J.: 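Dropping a structure here in structure tokens format, bear with me for questions.
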There are 2 protein chains.
Amino acid sequence: MTTASTPTWPGAFGAEPRRKRRALSRELIVETALKIVDTEGLDALNMRRVAQELGTGAASLYAHVANKDELLALLLDRVYGDLGHPEPDPDRWREQAKEFLRQQRDNLVSHGDLARAAMIQNIPTSPGGLDAAETMLALLRAGGLPEQVCAYAVDVISLYVVATALEESSRKKPGGQTDERQVEAYIGGVRSFFSSLPAERYPLIVAMAGALTRNVGDERFEFGLDLLFDGLVAQAGRTFD
Amino acid sequence: MTTASTPTWPGAFGAEPRRKRRALSRELIVETALKIVDTEGLDALNMRRVAQELGTGAASLYAHVANKDELLALLLDRVYGDLGHPEPDPDRWREQAKEFLRQQRDNLVSHGDLARAAMIQNIPTSPGGLDAAETMLALLRAGGLPEQVCAYAVDVISLYVVATALEESSRKKPGGQTDERQVEAYIGGVRSFFSSLPAERYPLIVAMAGALTRNVGDERFEFGLDLLFDGLVAQAGRTFD
DNA sequence: GCAGTGAGCGAACAGCGTTCGTTGCTACGA
DNA sequence: TCGTAGCAACGAACGCTGTTCGCTCACTGC
């Protein structure tokens, strides 16, 4: 059931941290799980760890959350729920859409490698995910694109955002803050790997090692966005059936 | 080490299936694992299951394979190794590239939900993956696209292929063959879910439920390919630095 | 014919998600 | 004010996972 009974909260907030019976709730569990993902990464997230953080046992969580998959879905829903939903303006739809997607990506990368969970869950079924899809569809429709083009496009685009977020997050240790040194070291490692390959077999990869690992701010992400929207506009005249 | 010592193969092929000491090898293990993924899906793949299939224990596999991650990498490498690599023709580069990507996708979807493993492994480091990247780069360069555009594009494109394969495979039960009935049932379920949503909050999703779940052959995949290549050509004039 | 080497292997470990049966607090009715 | 019903919380356990540890023993080179 989605409606958890309202949690009782006896006494002042945080007054008795070690009272025997803590007041658990979906929200508290999701909050705690998100904190773990933020600081230690998705791999460190397990039911026992969440329970430990709440000073209880894993079994207690199952009164509020069906299973780990549902917990992950709730995490994603929470992250997608943090998005602002602009009013579509036909004159600015493209920039609005790009801004919306930037926000979506930033939200994801700010929560460790949570994007990895989003990658598996391909079709949005949670309120937050549906809200995001609805907003994106509205922006595309505001651009005057045909219905079927919008339908196909919304899939490709959100896929790109999630995948980019995943790639971005994989460059950072689960530690947390954007240590520029860390990212640079990772990129450098990949570049030297490409450079070290046999040039007879991989001439282009070797020659383009620099271009392939270029990492200047959000240039890569922005390139993909422009590519997608240019392609989208070019496909606008396409007919179906 | 990548060079496994040449496996001894005593007697005729399959002559003594129940001799005490089986001749294991990387190839045999990979082959067996791939068979399991094909027939039962990626979730059913574990070391004990592979060992059981080979009539031995899980521990025996670790003499040939470092760990499960390496096994997955080997599986992916094998699948990517099955690709044909066309000679780039500047007059036909776009159609060649599209055909190459279709092949890539078909290879992936023909092996259950193996694409899920490919999704995590973002940067190709195995011979097969590098071969695919090299070929794709050659095709893009044959199109006369700038170096940095090719570098960014090869990432976005291969991402799209893998993600599409993943989505496709998630529509089938691990059972195996493309049961059209099954896919239709899945799609229908998603469509009716979209239709059943509250129209006040999700007007576009409800109205476009049909378009969003349209599944006519490879139209969806081809749409994405055309979108990407149109966008790519549009981005060709872009300058960097 | 024999010693030595290393693959094969059973057993075990630590960790995972999840379930079971019990406990004990809390809110409510008598 | 007391008793009790209901249910969240909980410890322990189950079955599964990937992986490691030594022992065994068949094959190889001498």
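In what follows, chains carry the letters A, B, and so on, assigned in the order in which the sequence lines appear, proteins first and then strands, with residues in each chain numbered from 1. This one's a predicted model, so the numbers in the text were calculated from it and none came from an experiment. Scope of the values below: all heavy atoms of this structure, side chains included, with no hydrogens, waters or symmetry mates.
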J.: Just N and O in the side chain of B/S60: are any of them under 4.0 Å from OP1 or OP2 of C/dA7?
T.: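 Negative; the distance criterion is not met.
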
J.: Applying side chain to side chain donor-acceptor pair (under 3.5 Å), can you list everything that pairs with A/D43, at least two apart in sequence or on another chain?
T.: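 For A/D43 the side chain to side chain donor-acceptor pair (under 3.5 Å) partners, ignoring immediate neighbours, are A/R116.
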
J.: Grab the CG-P distance between A/L61 and D/dG11 for me, whole Å please.
T.: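 About 12 Å, once rounded to whole Å.
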
J.: Checking A/Q52 now: which residues fulfil side chain to side chain donor-acceptor pair (under 3.5 Å) with it, not counting sequence neighbours?
T.: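 A/Q52 satisfies side chain to side chain donor-acceptor pair (under 3.5 Å) with no residue once adjacent residues are dropped.
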
J.: Could you check how far CG of A/L72 sits from P of C/dC16, rounded to whole Å?
T.: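 Value for this atom pair: 14 Å.
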
J.: If the threshold is 4.0 Å, N to carboxylate O, is there a salt bridge linking B/R26 and B/E70?
T.: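 Yes, this pair counts.
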
J.: Between C/dG6 atom P and B/H64 atom NE2, what is the distance in whole Å?
T.: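 Result: 14 Å.
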
J.: What N/O pairs connect the protein and nucleotides 17-22 of chain C at under 3.5 Å? Give each pair on its own line.
T.:
residue, atom, partner, partner atom, Å
C/dG17, OP1, A/K68, NZ, 2.9
C/dG17, OP2, A/M47, N, 3.1
C/dG17, N7, A/R48, NH2, 2.8
C/dG17, O6, A/R48, NH2, 2.5
C/dT18, OP2, A/Y62, OH, 2.9
C/dT18, OP2, A/K68, N, 2.8

J.: Mind listing the side-chain donor-acceptor pairs of residues 73-80 of chain A below 3.5 Å, one per line with the distance, residues two or more places apart or on another chain?
T.:
residue, atom, partner, partner atom, Å
A/D77, OD1, A/S126, OG, 2.9
A/D77, OD1, A/G128, N, 2.5
A/R78, NH1, A/E31, OE1, 2.9

J.: For A/A165, which residues count as a side chain to side chain contact (heavy atoms under 4.5 Å, CB included) partner, sequence neighbours excluded?
T.: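 Counting only residues at least two positions away or on another chain, A/A165 forms a side chain to side chain contact (heavy atoms under 4.5 Å, CB included) with A/R105, A/L108, A/V109, A/A115.
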
J.: Between C/dC16 atom C1' and A/Q52 atom CD, what is the distance in whole Å?
T.: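 The answer, rounded to whole Å, is 15 Å.
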
J.: Return a table of donor-acceptor pairs under 3.5 angstrom between the side chains of residues 183-193 of chain A and protein atoms on other chains or two or more places apart.
T.:
residue, atom, partner, partner atom, Å
A/R191, NH1, A/T213, OG1, 3.1
A/S192, OG, A/G188, O, 3.2
A/S192, OG, A/G189, O, 3.0

